[in-house]
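The block underneath contains the structure these notes are about, expressed in structure tokens.
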Amino acid sequence: MARSEFDRQVEEGVEAALTTVGRVLSGRDMDGVQKTDATFFRRGSSVLAGVEGRVGPWAYRPGWQRAAARLTTLGATGGGGWAYWTDPEQTLQTLQYGGGAAGGLLLTGGLVHAVRNRGQRELMREWIEPLHQALLDPLNIPAGTRPRSYLHIPANFNDDDAEMRIDLPVDLKFNESAVAEMVVKKLALQGVSFSWRYDGRHPYVKVKKVNRPPGKVVFSDPKVRELVEKVPESAPLIGLERGDKIVSVDLDAESPHVLVSAGTGGGKSVILRTIASQLIHHGAHGYILDFKRVSHLWARGVKNVEYCRDIADIHDALIRLGAEGQRRIHLAEKLGEDADPGQIGPRLVILLEEINATMKQLTRYWEKIKEKGDPKVSPAVDALAEILFMGRAVRMHVLLVAQSATARALGGPEMRENFATRILARYTQNAWRMLVPEVHPAPKSTRHIGRAQVVLGGAAHETQVMFMSDAEARAWAMAGAAGPTTVKLEKAATPQTPNPPEVSVHLGKHPIDPPDPQNETDKTPDLGDALPSPRQEAADPAPDDAQPPHDRPSQADPAGEEEPVGFREALEKYLPQLTIEGLRSARKDDPDFPKPVGKQGPQLLYLPADLTRWARNRPKAGEAQEGLPYD
């Protein structure tokens, strides 16, 4: 008797049910197609040949884990259904409260998981996925292979002690050199070794760094100090790269300005301290424009260094430096290409801390003090732009620090392009793309203390920055060949950029008669003499025929009042917030305290402007240099 259609359907249904139960209990894929080499007890590592499409992470789980999850789900569903069948009211009440609590726990757990795994998601998106796409052909693996199943790349893979492992196909049908080339290119690695292992069921290759930069470079090391002594005056030592090769930038031949971009703790101030102290050691004059006030306490009292902490003094200093740059560019044009660089004037190094905050403060300060008819843009910002565009011909160098060196923060993309040398530490991928897009792919940032990427000429050099303590930097700067003089910035000039004087090396101290066109060739300046000390200038008044320029007085300086005063008169008129004991103590201990300009009986006399400027810029109580290395 032939089977009926109904019997056939029953048999097929029973067979399908038994197959489904078997797949559930065995942990096999429910569609019956095995996608990975996972077994009941062993986790899968690769996708099987012929499998199309992306294979999810569930397919790599061992069978017992998938079976346990399925049975748990079925048991919970069946138990819930039975409870509702026997006591629906109690079941709904339990679901109402228990479900809310469970939902809250799941939401909280999901948020915590998302926050804790941000780094892993970035690692996957920026590094592992691109490497996976690049290795599909060289390793001849299926496109649906899950990257994490064979690429074991830690988040800190660019650190010195990091180790990477890549699982290889068992058939070994791949080209070693092609695989190694892709790994180096896609992970932006420098100086790595490959250890290939082919035996057994799980072949792999390990990737480690070799010839990496030294773990630390300190000035107290005699070998490092010897290197510092040997580098040219215009090319201060920044640090050492792999193979103990010197990393430096020649400010005269390569890049007149340096941009430092780093996150918190990336060593911005240490990098500036290292470069500036070496330049001052060789005779450069330093101007530290530090709105943070305490970034460079090592420079207090160092000869040839002026420290501006107050925004008014930073504003005035930039204007005067812009005028000096104009003077130098005209003088360089007059002297010709073959002139001795020393005739232009001493090298000037300008340390500009935290440009993001400083530029905002300069803009706000100008909005407060500008008058009708003054330009809209702060003249200090314009002066900074002029200095950056002047270049190496004027021997003026800007060392600029920014946490986020956006074009807007620096005054425009054209200003940022003047920094041919850029030093990045603890950077993000976005910061790298913004500042050095020509170097691709971007090296992975490292948390190694003192480690930075020095980018010059389209090449990135992984560098261990030399660390100089405050005391070492101060001693090295003071022990150099710097002359006993300082080019000192006086009161702010008019908002408009003044006409550049042709011969004076003073920044706005005395006016210079305009050159006579008929006798211009006879007025070549003689700059062989040493610059007069600003404190000596105060003590030795200018001749009667040298009239002070008609500048608008600084908002914080005593307007139109230059008669020397003693301590008591200064406290009454200009410094009511201080005490005579405090002034006497500062005169004894503070290296930045102004020098007296005269004497009246037993009483020393001081210029009110000098005292007011000192009071603004003196370190406040409780201020101290942050003590962490490479801060």
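In this structure the side chain of Phe467 reaches within 4.5 angstrom of the side chain of Arg273, judged on heavy atoms. Taking the side chain as every heavy atom from C-beta outward, Leu251 and Met396 never approach each other to under 4.5 Å. Val381 places a side-chain heavy atom less than 4.5 Å from the side chain of Met359. Side-chain contact between Glu306 and His285 is absent, with no heavy-atom pair separated by less than 4.5 Å. Here the side chains of Pro596 and Arg587 are not in contact, with every heavy-atom distance at 4.5 Å or above. Contact check for Gln603 versus Glu569: no side-chain heavy atoms found under the 4.5 Å cut-off. In this structure, Asp290 and Leu351 have side chains that are not in contact, with every pair of non-hydrogen atoms separated by 4.5 Å or more.
Gln326 places no side-chain N or O within 3.5 Å of a backbone atom of Gly322 that could act as its donor or acceptor partner.
Taking every heavy atom of both residues into account, Met466 and Val218 meet most closely at CG-C, 4.4 Å. Residues Pro236 and Val249 approach most closely at CD-O, 3.8 Å, considering heavy atoms. Nearest heavy atom pair, residue Met478 against residue Val302, reads SD-CA, 3.5 Å. The heavy-atom pair separating Gly301 from Asp592 by the smallest distance is N-OD1, 3.1 Å. The two residues Pro564 and Pro608 make their nearest non-hydrogen contact at CA-CD, 4.5 Å.
Using cut-offs of 30° and 60° on the angle between ring planes, the pair Trp614 and Phe593 is perpendicular. In this pair, His315 and Trp366 present their aromatic rings parallel. The plane angle is below 30°, not in the 30 to 60° band.
Inspection of the Thr421 and Glu254 side chains reveals no N or O donor paired with an N or O acceptor under 3.5 Å.
For Asp244, the salt bridge (charged side-chain N to carboxylate O under 4.0 Å, His left out) test picks out no residue, with sequence neighbours left out. Applying the ring pair (Phe, Tyr, Trp, His ring centres under 6.0 Å) rule to Phe219 yields the partners Trp476; only residues at least two apart in sequence or on another chain are considered. Residues passing the ring pair (Phe, Tyr, Trp, His ring centres under 6.0 Å) test with Phe291: none are found, sequence neighbours excluded. For Arg568, there are no side-chain hydrogen bond (donor to acceptor under 3.5 Å, both in side chains) partners two or more places apart in sequence or in a different chain. With sequence neighbours left out, Tyr427 forms a side-chain hydrogen bond (donor to acceptor under 3.5 Å, both in side chains) with no residue at all.
Each of Val247, Thr463, Ile246, Val465 was evaluated against Leu240; a single residue qualifies, Ile246, per the side chain to side chain contact (heavy atoms under 4.5 Å, CB included) test. The only member of Ile288, Leu399, Val260, Leu272 that meets side chain to side chain contact (heavy atoms under 4.5 Å, CB included) when paired with Glu353 is Leu272.
The side chain to side chain donor-acceptor pair (under 3.5 Å) contacts involving residues 217-228 comprise Glu226-Lys230, where partners must be two or more places apart or lie in separate chains.
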Is there a salt bridge (Lys or Arg N to Asp or Glu O under 4.0 Å) between Glu462 and Lys245 once you walk through the steps? CA-CA 11 Å; Glu462 186 179 14; Lys245 296 179 181 178; over 6 Å; no
Passes salt bridge (Lys or Arg N to Asp or Glu O under 4.0 Å), Arg327 versus Glu324? Steps please. CA-CA 5 Å; Arg327 182 198 70 80; Glu324 172 66 4; 2.9 Å; yes
Tell me, with the steps shown, if Arg300 and Asp470 meet salt bridge (Lys or Arg N to Asp or Glu O under 4.0 Å). CA-CA 10 Å; Arg300 292 194 63 208; Asp470 284 356; over 6 Å; no
Determine whether Arg422 and Arg416 satisfy the following criterion, side-chain contact (heavy atoms from CB on, under 4.5 Å), listing intermediate values before the conclusion. CA-CA 10 Å; Arg422 303 179 183 186; Arg416 191 170 63 190; 4.0 Å; yes
Test salt bridge (Lys or Arg N to Asp or Glu O under 4.0 Å) applied to Asp610 and Lys595, step by step: CA-CA 9 Å; Asp610 288 347; Lys595 297 296 184 181; over 6 Å; no
